There are 4 protein chains.
Amino acid sequence: MKAKTNTGRRDAELSRRLILDAALVEFSEKGFSGARIDTIATAAGVSKPMIYSYYGDKDDLYAAALREAYIQIRAGEQELDLEHKSPEEAIRALVSFTLNHFKSKPWFISMLNTENLHRGATISKIHDVGEIQSRLLQELKIILQRGQDEGTFRQGIDPVDLYITIASLCYFPISNAHTLRVVFDKPVDEDSWLDQRRHDAEELVIRFLKP
Amino acid sequence: MKAKTNTGRRDAELSRRLILDAALVEFSEKGFSGARIDTIATAAGVSKPMIYSYYGDKDDLYAAALREAYIQIRAGEQELDLEHKSPEEAIRALVSFTLNHFKSKPWFISMLNTENLHRGATISKIHDVGEIQSRLLQELKIILQRGQDEGTFRQGIDPVDLYITIASLCYFPISNAHTLRVVFDKPVDEDSWLDQRRHDAEELVIRFLKP
Amino acid sequence: MKAKTNTGRRDAELSRRLILDAALVEFSEKGFSGARIDTIATAAGVSKPMIYSYYGDKDDLYAAALREAYIQIRAGEQELDLEHKSPEEAIRALVSFTLNHFKSKPWFISMLNTENLHRGATISKIHDVGEIQSRLLQELKIILQRGQDEGTFRQGIDPVDLYITIASLCYFPISNAHTLRVVFDKPVDEDSWLDQRRHDAEELVIRFLKP
Amino acid sequence: MKAKTNTGRRDAELSRRLILDAALVEFSEKGFSGARIDTIATAAGVSKPMIYSYYGDKDDLYAAALREAYIQIRAGEQELDLEHKSPEEAIRALVSFTLNHFKSKPWFISMLNTENLHRGATISKIHDVGEIQSRLLQELKIILQRGQDEGTFRQGIDPVDLYITIASLCYFPISNAHTLRVVFDKPVDEDSWLDQRRHDAEELVIRFLKP
DNA sequence: TATGAATGAGTATTCATTCAT
DNA sequence: AATGAATGAATACTCATTCAT
């Protein structure tokens, strides 16, 4: 029973990690059909057969990458600390966070677009994807309740619908930055414009929640 | 009075049209890399060489399809009659139209997603794409002015930013319908939910515009 | 019976001519497989169906072009006036002419190379190709006889073999100019080098013919 | 003692060799445009992707085949033993060798013709092609010097020009055998005619070198 | 565990050739 | 006589996937 066993396991773990990271980048940059197993292997520094032995075929690897995108989002959301803020401040913080998050993790948006292009064929096979946003929704529910209790927010706001509204406002300007820049000649990727947009989005949501 | 079909034809204009329609469908359903020239040829009822002789290579055909998507949007917007409505009614109508449009012409959203995945590489080569939304923006500007004049709307609203807001609210729920349905277990493609969303979107925008 | 009939015939003749010239250029520059019917049609300013109706398929057109190359050579040789020169002068003139000819009509060499690459499959089908060089050989025979009679030349020289010798010396430096230039770093396409080569070739042949 | 064949192999070096040999045959028989990657793959007993992975695209493979033709020539010339012959004998041996070589390695002439048809576009990219004939030229230089020293040969003969003369005399009758046979009705591929030609070529060169 | 070698099944693109007017 | 429209059959090249070691 040599020490090498342990190293072997660690290397295996590392290889899996490197493959997954490379796959996430490749799929998000090229879409499913545009992604190349060869490119992923090279980027991860492993041989192609390794990818197949660890993850199965291209579809399976794509599914793993899609799940990873959601997992990374969840990890990011852990950092939010909404409980110690006033309802309005919490909402503003969530809007702001969401916009930043979409901006700083571009592969998430790309993976979502790719997955929706494929009519959600893969995401429905990922069993634990439902749980992912649950924590966020739970917090949102509490914030809404607190806002209603203190009279800041209206009654009858569904947390999921509210989240969809927030996501809508944050998603589109980033997801469609390239076409917007050309079609409307707007500097949608400059910080100053995004700051303004963040502010507008907060304002939109707050006004919407007001009684 | 014979209806023009694709059988026994020798009609260049018709062939061009059939190819373009088929290309728009194929590219929007599969993305650039996933689209097959073969499939387009079969769907259009023409041979592959025709496609190449009329449109050049796959990139060129994709560019033509992308441009066509924008042209169809413009054509749809022509039908809106915003001038004879009150400012608030006009805004509500525009929101409603945009949501309907995204919903009923799914290839537009798909093409935009595909194009943004490719970092806008193609759209910047379409020379007249800027003019396409110009009419709508012009109308939007007038509505905003009328609203300001009568005191319904705030000062300092940029028409492009407003349009981006409207588009954001209408785009995401439809663009991401497949993932939303799975992740949040929401019936985002049912009419009842969309009606509610349409109403919420109008409300969001109107509240935002109020002084 | 309008005058147009006549014009129509003349145009037909002209079209045939234009096609043949374009074909000769295209086949000699690209070889058989590299030549494009489309290119020939464009260069000749006619439609592709015209080519097919006048000359048959690509093989037939190639055969016509090959024959044309020989015909043009024959036409060139008509200009030589060997009878009024001394035997030695006549031989020198023939060598000089051959080199010039190969140099100034590059498609002839290209067509020969192409045809030999194809193992002479086409030339054997051109019925009148044998007669083409006959006049030249006849003259050569007379020169040799005159040289023998006056004691300048040896006995037993075969005119065809002599012509092959002359052609050999003139063909290779022009046919292989591109590779010679690179491999031996010789300026084989400059006039000064060719003048020297012409002189050497004459000298070689004359010395060979001396008793 | 198992002979290396292409069956059940997994031997990169052997595969490369088999591909190169097959490519040399195919390109020399069909020219660049006429050559088929499919044919080469089948002849070499490998799949098409192997060819692309080992040699790049068709142009690259052609370049490798062209270079190989020159390398085989060099290898053949190594066997000549000119140093221990008298100058005249050495020249005769070289002429004889060159004719034999062109005759027995027909792909060399075919490759040269193909390359010259393409205006030497490829050979100028092969970096070491210049060195290939260098050894032969060196030997030729020495022979000429020895001949001059002993008074057998003239002064002022350039080795490259001399080689071009020798090559000219040997190249044409073989390169153009197919057309010569038809046009002049000469049995240029029969051994007896070639023996005579070899003798004439030697005589031509020797007479030319004499003071 | 790991990978260099190998390939079947595509996939965009081309080209000689024919059809319909 | 002439051609714009159209295509079947290649053809170079790619890519996910597996084999043998």
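Letters go in sequence order (proteins before strands), and every chain restarts at 1. Keep in mind it's a predicted model, so treat the numbers as computed, not measured.
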Just to be sure I understand the rule, does A:A35 reach a base, reach only the sugar-phosphate, or reach nothing, if contact means heavy atoms closer than 4.0 Å? sugar-phosphate
Looking at F:dA20, which nucleotide sits across from it as a Watson-Crick or G-U wobble partner, both distances under 3.5 angstrom, or is there none? E:dT3
Among the nucleotides F:dA16, E:dA5, E:dA16, whichever has the atom closest to the side chain of C:I37 is E:dA16
Does D:S47 or A:S47 map to a spot on DNA chain E nearer the 5' end, using the closest nucleotide for each? A:S47
Counting side-chain heavy atoms from CB outward, which of E:dG8, E:dC19, E:dT17 is closest to C:Y52? E:dT17
Would you say the side chains of B:W107 and B:E29 form a donor-acceptor pair under 3.5 Å? no
Is the shortest side-chain N/O distance from D:Y54 to OP1 or OP2 of E:dA6 below 4.0 Å? yes
Does the side chain of D:R36 come within less than 4.5 Å of D:K58's, by heavy atoms? yes
I want to verify a distance call: between E:dA12, F:dT17, E:dT7, whose nearest atom is closest to the D:V46 side chain? E:dT7
Within-4.5 Å side-chain heavy-atom neighbours: B:H178 and B:V182: no
Look at the side chain of B:K48 and the base of E:dT13, then say whether one donor and one acceptor between them are separated by less than 3.5 Å. yes
Please check the phosphate of F:dA10 (OP1 and OP2 only) for any side-chain N or O of D:R36 closer than 4.0 Å. no
Does E:dT1 have its OP1 or OP2 closer than 4.0 Å to a side-chain nitrogen or oxygen of A:S15? no
Which nucleotide in the set E:dT3, F:dT14, F:dA6 lies at the smallest distance from any side-chain heavy atom of A:M50? E:dT3
B:F32 vs B:F27 aromatic rings, parallel, tilted or perpendicular, using cut-offs 30° and 60°? parallel
Go through F:dA16, E:dA12, F:dG4 for me and flag the one nearest to the C:P49 side chain. F:dG4
Which nucleotide in the list F:dT17, E:dA2, E:dA16 gets nearest to the side chain of C:K58? E:dA16
By the Watson-Crick or G-U definition, both distances under 3.5 Å, F:dC15 is matched with E:dG8
Result for 5'-nearest mapping on DNA chain E, choosing between C:D59 and B:S33, is B:S33
May I have the distance from D:D38 (atom CG) to F:dA9 (atom P), rounded to whole angstrom? 17 Å
Got a second to check how far D:R67's CZ is from D:D128's CG, nearest 0.5 Å? 4.0 Å
